Colleague: 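Here's a structure for you.
Counting starts at 1 for both ligands and their atoms, following the listed order. Because the structure is predicted, anything quoted here is derived from the model rather than measured.
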Amino acid sequence: MKVALETLDTRYSLPQPGLDPRWLQDALAQVIRQVDVMLPRFTTTFPAASATEGRYPAVEKVDWTEGFWTGMLWLAWEVTGDNKYRAVAEGLLDSFEERLDRRIKVDTHDLGFLYSLSCVNAWKLTGNTRARNLALRAAELLYQRFNATAGVIQAWGDLSDPARQGRMIIDCNLNVPLLFWAADETGNQAWREAATRHLAQAARYLVRDDASTFHTFYMDIHSGKPLRGDTHQGFSDSSCWARGQAWGIYGFALSFTHTGDTTQPELSRRLAHYFLNRLPEDFVCYWDLIFTPDDKAWRDTSAAAIAVCGLAELLKQLPLTDPLRPAYGNAITLIMQNLHQHYFADPQDGLLREGVYNFGRNMGINEPNLWGDYFYFEALVRLSRVWTPYFC
Ligand code: GLY
């Protein structure tokens, strides 16, 4: 593999006691208390993508993020067994159905985020056939975004818009699991092939030789040739957007379960080394990995939480004899302890303070965001029990 494998910073080799079960239980109990604070306000609406001055406005189906709220409700149900969370999550299926019926904000690859965390999980956890059918309809829409010549799923916008055609993004690594799941459910191999080809193109063009990532990359949909990489939310086209790198770490680790391609966890590892080697003293990344402490840039706690889930997934894929397993475990511990101690939002809305949604557009800067909350919760669940990911 030509992608660089950086030597992992020695900070991760220092022996760590690990997260003890009581710490995890306390951290989970705090999360459940915060979900309970939010629950009465979000039974028929959703928290917005990011908070405003620490509080989430209520929205309907307007964004790529509504599934993170239902994802948190299903996690809360799994952790507590309390049916109040399940009832709200099931009630919100109406919104996910109406979105598909009326084609509201479905011209996006984010269908995976939306339907894996609202419908695939509802089906897997409770056998809800309505949820299964909605997830299959979403998978079909996602499949329609695949361009066979370019071999990629178009990220955003109308499929006939030349300015948007052939643009793939690293975030989509978490959306292709919807296609793998749908292929397994139905036997439709076209869905599997699209997901597999997209991941191969992502590995080839979104990952740079130094193991950093472009946020987005354009392919020519007429010739299939690669055009250029650029950014949408990072500091610059040549820098490495921290959340994009985290989507890559998690997504390439997850995809191995569907493809059996051992280069994917290896890629996840290489992206992880690049990410971990650029963390500041408290192990919580700046919103772009180009920044150093002198830059005094904002953190993105959501990227930190996603990276932890990715590392936890990577550990599931690596052989028990892999010599770097303890170092990855240490990295998880260090990031989680710092998130919990310094960035947990209690008693505000949401779970994690200090996320950055989109710096260039002045959106959600230094605020909780819904995916950061979801992945922090998912990380705690992953670390405290045997758990089957919703993205699979
Ligand atoms: N997938 C969009 C984001 O990470 O902001």
Colleague: How far is atom 1 (N) of ligand 1 from its nearest protein heavy atom, and which residue and atom is that?
Modeller: D171 OD2, 2.7 Å
Colleague: Any luck finding a side-chain donor-acceptor pair between Y218 and R167 under 3.5 Å?
Modeller: yes
Colleague: Please give me the minimum heavy-atom distance between P57 and S50, naming the atom from each residue.
Modeller: CD-O, 3.9 Å
Colleague: What part of W156 sits under 4.0 Å from ligand 1 if we count only heavy atoms: the side chain, the backbone, both or neither?
Modeller: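 For W156, there is no contact with ligand 1 at all, from either part.
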Colleague: For W371 and S302, does a side-chain donor sit closer than 3.5 Å to a side-chain acceptor?
Modeller: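 Yes, S302 and W371 have a side-chain donor paired with an acceptor closer than 3.5 Å.
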Colleague: Decide yes or no on ring-ring contact (aromatic ring centres under 6.0 Å, His included) for Y205 and F214, but give the supporting numbers first.
Modeller: CA-CA 8 Å; Y205 297 114; F214 284 116; 9.8 Å; no
Colleague: Using only heavy-atom distances, determine whether the side chains of Q245 and Y250 contain a donor-acceptor pair under 3.5 Å.
Modeller: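 No, Y250 and Q245 have no side-chain donor paired with an acceptor closer than 3.5 Å.
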Colleague: May I ask you to check whether N83 and W77 show a side-chain donor-acceptor distance below 3.5 Å?
Modeller: yes
Colleague: Any N or O of R243 that comes nearer than 3.5 Å to an N or O of ligand 1?
Modeller: yes
Colleague: Is W241 in polar range of ligand 1, meaning some N or O pair under 3.5 Å apart?
Modeller: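 It does not: no N or O of W241 is found under 3.5 Å from an N or O of ligand 1.
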Colleague: What atoms of ligand 1 come within less than 4.0 Å of a heavy atom belonging to Y357?
Modeller: 5 (O)
Colleague: For ligand 1, is there an N or O atom under 3.5 Å from any N or O atom of W64?
Modeller: no
Colleague: Identify, by atom number and element, the atoms of ligand 1 in contact range of Q233, meaning under 4.0 Å from any of its heavy atoms.
Modeller: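 Counting from 1, the qualifying ligand atoms are 3 (C), 5 (O).
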